[in-house]
Amino acid sequence: MYFTNDAGALVFCHNGERIRIEAWGKDSLRVRSTMLGCFSGKEWALTENIPKSAADIVISEASGTGQKRENAVIRNGRLKAAVNFAGVITFYKDDQEILREYYRMYDGTISRESRCLKVINREWKGIIGGTEYSLNVKFESNEEEKIFGMGQYQQPHLNLKGCILELAQRNSQISVPFAVSSLGYGFLWNNPAVGQAVFGKNYTEWTARSTREMDYWITAADTPKQILENYTAVTGRAEMFPEELMGLWQCKLRYRTQEEVLETARRYRKEGIQIDQIVIDFFHWTVQGDWKFDPFYWPDPKAMVDELHSMGIRVIVSVWPSVDRRSENFAPMMERGLLIRTERGAAQTYDYQGDCVEIDAFHPEARKYVWEVCRKNYYDLGIDGFWLDNSEPDFGVYDFDHYRYCEGPALSVSNLYPQMYSRVFYDEMKNAGRGPVVNLLRCAWAGSQKYGNVVWSGDVPSTFEAFADQLQCGLNMGLAGIPWWTTDIGGFMTDDVNDPDFRQLLIRWFQFAVYSAVLRMHGDRGPYDIPALDDRDWGGGYLHTGQPNELWSYGEDNYAIMRKYYELRISLHDYVKGLYEEAHINGSPLIRTMFYEFPEDPECWKLQDQYMFGSRYLVAPILHLNQFERTAYLPKGSWKLTSTGETYEGGCYVTVQAPIEYMPVFEKTI
C-alpha cells in the first residue's frame, strides 16, 4: 500500500478501496472512501464554505517487517489521523488517542489487531445487480466514554453508550447522525443512507444498507460547546429567530373552519393574551395533494389572514407531501415522474384517509411544482409559514427497500428527505424576501438547522413516561445541532381531556415548554364526541376534530397557572432573544445538558432529568404524576430558587417543594 499527498489530502488505496483524508474546518478531518474508483462529489451535510486548512502530512516506511510497508500521518491543528500499513486509521487529540478503527486480522505481527477473526475495519459488500454496496465501519470502544446527540429517539436514555440506533426517519424518530463524545470529539456520519449505529461496549459500528461511498467527519475540542461550534461551522447555523414568534403559538387538532380560527384569536385578544402564531392543521383542504383551502368552510382565507395580521398574529398552514389519487395534482405529477416510485406492486406509499403517493422531494421539478401550487393557494394570500407534517415521509409501511427517488434508492438517501422537503418552501420563501423563514417540521437531518426548521418531537403519547422521554430527545437534538426544537404541550394523543391526571400532565408540560425554544399548544384531544360537519368522504368537514385546546379549556385553576407561566415567558423575552442569538452565532441549543454549561463537573455528565435553559436558568421539570417535591443537583456557584428567592450554594443536591403551581427553576447568580 502506498500513500500520496494530493494537494494537502492524504490519499491511499487498499484492497480495491480508495481512501481520502483531508482537513475540513478547525481541528477537523473529513474521511471518505469508495470502491468505485472515484468520489461522487456529494457534500451531503458539509455544505458551508470554510477557509482552506493546511494539513501537515508525513509519510514514512515501517521498519522490521521484512517488506516495504508505509505508514502516514495527517494533522490539522489539534486533530491527527495516523494510518498504518493495514489501512487502519487512529485519531488523536493533542497526541492522545481518542478513536481507532476496529481491526482483527492476523498480519504477521503481534499487536492488538493480530487476530484470526478476519474482522476488518471497513467492510464493503456489493449489492447484487446494482452499483451500491452495503457498508460496515467499526471503531474500538472505550468503556468509560459517554455518547450524546444523534437526533431524537423515543427512549429514556440521554447517554447513548450501549444503545443501538436505527439510522432511519419515522414519525417521532429523527436521525441526525452527529455524536458528541465525552472524550472531546464530535463525529458526523455524513451519509443519508438507511442503516444503524451501535455504541457497544465491545465496539462502535456504523452501517449503511446501500451506499456508494463512506463519508465521515471528525473534530476535536475541549468542551461540547466548542465541538458544536466546530460542527455548525461546517454544516450551517440557524438564522436569527424572529422576535415576534418567541411567545405563544396556538394550535389544536383541528380548527375546521375559518370562523373557528377567528373566534379563537378574538377570544385570546379579549383575554389580553397575545398569540404570536396560530396554526391551521390538516384536512382544511379538499383532498390530500390539492394544497388549498376547502372553499365551503374557508370561503375567504385572505380576509381571515388580514384580520389575524391586524391582531399581530402570524398564520401557518399544514402541508403534507402526500397526494391522493383523487387530487387534481395526482395525474400530472405521476405522469411527469414527480412522485416517489415503488419497486414492486402498486404505486402507493401512504394510506391514511386516502390512497396516496408522496412527492419526490429530491426532484427539483417536483419541488418547483409543489411550491407554485402552495404559493398561489396560500403564500399569495398572506400565509406566513408552513407546517410540513409527515416530513419523514411517513410511509404506510417503513419498508425502505420498497421506495425509490430520482436521487436513487430510498435505502441510499431517504434520511435526507425531510431536509429536501423543507427546501421546497425554504428556498423559495428565502428568495421572496418577506423576512426570516420559519416553518414547522416533524423531522430533520444533519444541517437542517440552516433551513428555517422548527422541529417538533412528533405524535407522542400524553403520558408522563413520554414526557420524560421528550426531555432527553430535546437535549440530544440540541447536541446534534438542531436548536429550534419543540413538543406538543401535553403530548399529542389524549383519550380524555377531563381526566385529572391528564390535566396535571398538561400543566407540568406547559411549565417545561416555557423554558424551551418554542411555546406551542397542540394535541389531538379526546373524547371524540364532536360530530363531523358533513358526511362527505372528502373536504374540510368530514374528518373528526378534537376537544378545545386553548389555555382556558381546562378549568379556571389550570388556566390561572398557564396564564402565569405565559406571562413569565413574555417577561423572559430579552433573555430568550439572547439564546436565539447564541444559536445563530455559535450553534448552541436553547435547552442544554448540564455538562454543556459545566463540562468540568463529573456529576453533570450523569444527569438527564434536569437541564440548563441557556447559561442562567437551571430547570428541574416534574416528570412524574403526583410529584410535589423535587431533588436537583446544583453545580458550584450561588443559585436562587425563583419561586421563593431562597439562595443555595452549589456543589450538592437540594430538595425543594414543587406544588402544581410551580416547577423548580434555579437562577445562577454567581
Side-chain angles (χ1 to χ4, degrees), residues 24-25 27-31 44-46 79 81 89 91 93 97-102 135-153 155 157-168 173-193 195-208 214-235 415 444-449 472-483 485 587-589 592-593 595-596 599 605 608:
W24 203 278
D27 301 324
S28 306
L29 294 169
R30 183 183 186 185
V31 183
W44 300 126
L46 299 175
L79 183 64
I89 306 172
F91 296 95
K93 183 180 80 171
E97 182 179 320
I98 54 174
L99 187 65
R100 181 185 180 89
E101 289 183 329
Y102 184 96
L135 171 64
N136 180 294
V137 182
K138 288 183 172 67
F139 295 92
E140 300 281 356
S141 177
N142 183 316
E143 201 164 323
E144 303 304 315
E145 183 180 24
K146 295 178 174 62
I147 298 288
F148 305 92
M150 293 297 295
Q152 174 181 289
Y153 290 86
Q155 41 91 0
H157 308 294
L158 180 65
N159 177 11
L160 301 173
K161 187 68 171 181
C163 290
I164 301 172
L165 304 179
E166 181 190 36
L167 300 179
Q173 174 176 294
I174 304 174
S175 175
V176 185
F178 178 67
V180 174
S181 167
S182 61
L183 300 182
Y185 71 87
F187 184 96
L188 169 68
W189 181 250
N190 191 34
N191 188 323
Q196 186 172 267
V198 179
F199 299 109
K201 291 180 68 174
N202 52 340
Y203 55 74
T204 295
E205 180 180 66
W206 299 82
T207 60
M214 181 190 77
D215 191 342
Y216 64 81
W217 175 92
I218 182 170
T219 190
D222 290 331
T223 68
K225 186 176 293 187
Q226 293 166 347
I227 290 170
L228 211 57
E229 185 170 7
N230 289 354
Y231 168 67
T232 55
V234 298
T235 60
N415 287 335
W445 194 66
S448 284
Q449 64 272 7
Q472 70 81 16
C473 284
L475 293 173
N476 273 326
M477 279 287 278
L479 288 169
I482 310 291
W485 177 88
S588 286
R592 305 170 182 177
T593 59
F595 63 77
Y596 194 86
W605 289 85
Q608 68 173 46

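Given the structure is predicted, the values throughout are model-derived calculations rather than measurements.
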Next item on the list: Examine Y596 together with W605 and report whether their ring centres are nearer than 6.0 Å.
Entry: no
Check: Do F178 and Y231 have ring centroids that are under 6.0 Å from one another?
Finding: yes
Next item on the list: Kindly write out the residues that satisfy salt bridge (Lys or Arg N to Asp or Glu O under 4.0 Å) with E144, not counting sequence neighbours, or none if the list is empty.
Entry: none
Margin query: Can you list everything that forms a salt bridge (Lys or Arg N to Asp or Glu O under 4.0 Å) with E229? Sequence neighbours excluded, please.
Written below: none
For the atom pair [atom1] ([X]) and [atom2] ([Y]), what is the distance rounded to the nearest 0.5 Å?
{"X": "S181", "Y": "N142", "atom1": "OG", "atom2": "CG", "answer": "7.5 Å"}
{"X": "E145", "Y": "L183", "atom1": "CD", "atom2": "CG", "answer": "4.0 Å"}
{"X": "N476", "Y": "M150", "atom1": "CG", "atom2": "CE", "answer": "9.5 Å"}
{"X": "R100", "Y": "T204", "atom1": "CZ", "atom2": "OG1", "answer": "14.5 Å"}
{"X": "K225", "Y": "L479", "atom1": "NZ", "atom2": "CG", "answer": "12.0 Å"}
{"X": "M477", "Y": "W485", "atom1": "CE", "atom2": "CH2", "answer": "8.0 Å"}

Check: Which class fits the ring pair Y216 and W189: parallel under 30°, tilted 30 to 60°, perpendicular over 60°?
Finding: parallel
Margin query: Under the ring-ring contact (aromatic ring centres under 6.0 Å, His included) test against F139, which residue among F91, W206, F187 passes?
Written below: F187
Between [X] and [Y], what is the shortest heavy-atom contact and its length?
{"X": "T219", "Y": "S28", "value": "OG1-OG, 2.7 Å"}
{"X": "G149", "Y": "L160", "value": "O-CD1, 3.4 Å"}
{"X": "P224", "Y": "F595", "value": "CG-CD1, 3.7 Å"}
{"X": "T223", "Y": "P599", "value": "CG2-CG, 4.0 Å"}
{"X": "I218", "Y": "Y185", "value": "CD1-CD1, 4.1 Å"}
{"X": "P589", "Y": "G478", "value": "CB-CA, 3.6 Å"}

Flag, side chain of [X] to backbone of [Y], donor-acceptor distance under 3.5 Å:
{"X": "Q196", "Y": "I164", "answer": "no"}
{"X": "N190", "Y": "W44", "answer": "no"}
{"X": "Q608", "Y": "L158", "answer": "yes"}
{"X": "Q472", "Y": "Q155", "answer": "yes"}
{"X": "S141", "Y": "G200", "answer": "yes"}
{"X": "D27", "Y": "L79", "answer": "no"}
{"X": "E101", "Y": "I89", "answer": "yes"}
{"X": "N159", "Y": "I147", "answer": "yes"}

Margin query: Working note: L165 + F199, criterion side-chain contact (heavy atoms from CB on, under 4.5 Å); need CA distance, chi angles, decisive distance, verdict.
Written below: CA-CA 8 Å; L165 304 179; F199 299 109; 4.0 Å; yes
Next item on the list: Start with the C-alpha distance between I174 and I482, add both sets of side-chain angles, then the distance that settles side-chain contact (heavy atoms from CB on, under 4.5 Å), and finish with yes or no.
Entry: CA-CA 11 Å; I174 304 174; I482 310 291; over 6 Å; no
Note to self: What verdict does the side-chain contact (heavy atoms from CB on, under 4.5 Å) test give for T235 and L46, after you've listed the backbone C-alpha separation in whole Å, the side-chain angles of each residue and the deciding distance to 0.1 Å?
What the structure shows: CA-CA 5 Å; T235 60; L46 299 175; 4.2 Å; yes
Item checked: Working for side-chain contact (heavy atoms from CB on, under 4.5 Å), residues N191 and M214 -> CA-CA 7 Å; N191 188 323; M214 181 190 77; 6.0 Å; no
Notebook entry, point to check: Heavy-atom distance under 4.5 Å between the side chains of K161 and K146, does that happen here?
Noted result: no
Margin query: The criterion is side-chain hydrogen bond (donor to acceptor under 3.5 Å, both in side chains); which residues satisfy it with S175, sequence neighbours excluded?
Written below: none
